[in-house]
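See below for the structure under consideration.
Numbering of residues begins at 1 and proceeds along the displayed sequence.
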Amino acid sequence: MNKSSFHLTEQNQKIESRIVVALERISEAFRVLLWKKSKETSLSPIQIQILIFISFHSLEKCKVSYLADEFNMTKATISDSIRVLLSKDLVAKETDPQDTRSYTLSLTQKGKTIAKEAAFFASSIERPIDKLTQEQKTVMLNGLLQLIYDLNKSGIITIQRMCFTCSHYKPKNGIHYCNLLKTKLAAPDIRLDCPEHEIIT
């Protein structure tokens with residue numbers, strides 16, 4: 001790679017570069033929307049993301065160490081955000097009786113209210129996607145899933161609860177198959193965040 005994807009000549013000559021720049025523009029949209037919600041709630045973007053994550057995931061995943069891996073941040077940074085959420089009565093913590101240094105997090109009623117509203121911060125991105133044909137959506141999803149999988153394998157992004165990284169997933173003759181569900185999976189059925197995900201050991 002001789003030139004950056006952001007070099008205009010490179011963009012005009014390589015579709016890969018245009019895709020990279022397009023993804024960067026979309027990530028900018030997420031940042032803008034998250035910051036808007038941040039101002040509305042007087043919380044930082046990561047604090048909002050933590051509330052949303054706790055709202056939709058099982059208790060064993062709602063620990064500082066898991067959240068640090070989930071968001072690719074240090075435990076200290078996550079702990080600082082948790083302290084703010086605790087002080088604002090948005091989360092509660094329950095200490096592990098087996099290990100008093102470890103605790104799980106849950107939402108308070110106030111936290112549930114904010115998380116429920118904040119979870120829709122990206123809805124304006126979903127609306128234009130809804131206008132695409134089913135074929136366009138499937139092609140886009142397949143491409144993004146493969147990109148995320150490759151980024152995960154290369155260590156750029158960490159925790160992924162997607163089918164491709166799950167011990168239950170077994171492709172057979174080019175067909176996606178889930179051993180847990182005992183069923184074939186159509187391309188649009190491939191999950192990005194599966195509650196039954198088990199890491200391949």
Is any side-chain heavy atom of [X] closer than 4.5 Å to a side-chain heavy atom of [Y]?
X: S42; Y: K88; value: yes
X: D189; Y: H176; value: no
X: F53; Y: Y66; value: yes
X: F164; Y: I148; value: no

Between [Y] and [X], do the side chains contain a donor N or O and an acceptor N or O under 3.5 Å apart?
X: N142; Y: Q146; answer: no
X: T165; Y: H197; answer: yes
X: D69; Y: T158; answer: no
X: T133; Y: E135; answer: no

**OP:** Show your working on side chain to side chain contact (heavy atoms under 4.5 Å, CB included) between S106 and V91 and close with a plain yes or no.
**Re:** CA-CA 6 Å; S106 59; V91 298; over 6 Å; no
**OP:** Show the numbers, then the answer: is there a salt bridge (Lys or Arg N to Asp or Glu O under 4.0 Å) between K137 and D130?
**Re:** CA-CA 8 Å; K137 293 174 189 175; D130 189 49; 3.7 Å; yes
Report the distance from atom [atom1] of [X] to atom [atom2] of [Y], rounding to the nearest 0.5 Å.
X: L185; Y: T183; atom1: CG; atom2: OG1; value: 6.5 Å
X: N179; Y: S167; atom1: CG; atom2: OG; value: 8.5 Å
X: L107; Y: I52; atom1: CG; atom2: CD1; value: 10.5 Å
X: L85; Y: I114; atom1: CG; atom2: CD1; value: 9.0 Å
X: H57; Y: L67; atom1: NE2; atom2: CG; value: 10.0 Å
X: R191; Y: C163; atom1: CZ; atom2: SG; value: 7.0 Å

Atom of [X], atom of [Y] and distance for their closest heavy-atom approach:
X: R31; Y: E24; answer: NH2-OE2, 3.7 Å
X: S17; Y: S5; answer: OG-OG, 3.6 Å
X: C62; Y: I54; answer: SG-CA, 3.8 Å
X: T108; Y: A92; answer: CG2-N, 4.1 Å
X: I129; Y: I125; answer: CG1-O, 3.4 Å

Original post:
Is K93 close enough and on-axis enough to Y103, meaning under 6.0 Å and within 45°, for cation-pi?
Top reply: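 Yes - K93 lies over the ring of Y103, closer than 6.0 Å to its centre and within 45° of its axis.
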**OP:** Check the pair K61 / E70 against salt bridge (Lys or Arg N to Asp or Glu O under 4.0 Å), numbers first and verdict last.
**Re:** CA-CA 9 Å; K61 293 183 177 69; E70 174 72 19; over 6 Å; no
Check this for me: [X], atom [atom1], are more than 12 non-hydrogen atoms of other residues, nucleotides or ligands nearer than 6.0 Å?
X: E28; atom1: CD; result: yes
X: E94; atom1: CD; result: no
X: K75; atom1: NZ; result: no

If only atom types and distance count, is the side chain of [X] paired as donor or acceptor with the main-chain N or O of [Y] below 3.5 Å?
X: S55; Y: L51; result: no
X: N12; Y: L8; result: yes
X: T77; Y: M73; result: no
X: K14; Y: Q11; result: no

**OP:** Start with the C-alpha gap between E60 and T104, add the side-chain angles, then the distance that decides, and say whether side chain to side chain contact (heavy atoms under 4.5 Å, CB included) holds.
**Re:** CA-CA 7 Å; E60 64 267 18; T104 55; over 6 Å; no
Subject >> V21: hydrophobic cluster co-members (side-chain, 4.5 Å) >> reply: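 Cluster partners of V21: F6.
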**OP:** Tell me whether the centres of the aromatic rings in Y169 and Y177 are closer together than 6.0 Å.
**Re:**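 No, they do not, as the ring centres are separated by 6.0 Å or more.
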Should [X] and [Y] be counted in the same cluster of Ile, Leu, Val, Met, Phe, Trp and Tyr side chains packed under 4.5 Å apart?
X: I50; Y: V84; value: no
X: I26; Y: L34; value: yes
X: I156; Y: L145; value: yes
X: I15; Y: L144; value: yes

Original post:
Yes or no on side chain to side chain contact (heavy atoms under 4.5 Å, CB included) for F71 and Q49, after CA distance, side-chain angles and deciding distance?
Top reply: CA-CA 9 Å; F71 295 109; Q49 288 177 294; 3.8 Å; yes
**OP:** Kindly determine whether R161 and D193 satisfy salt bridge (Lys or Arg N to Asp or Glu O under 4.0 Å), including the steps that lead there.
**Re:** CA-CA 5 Å; R161 294 173 296 277; D193 192 347; 2.7 Å; yes
**OP:** Tell me, with the steps shown, if L43 and L90 meet side chain to side chain contact (heavy atoms under 4.5 Å, CB included).
**Re:** CA-CA 11 Å; L43 296 170; L90 298 177; 3.9 Å; yes
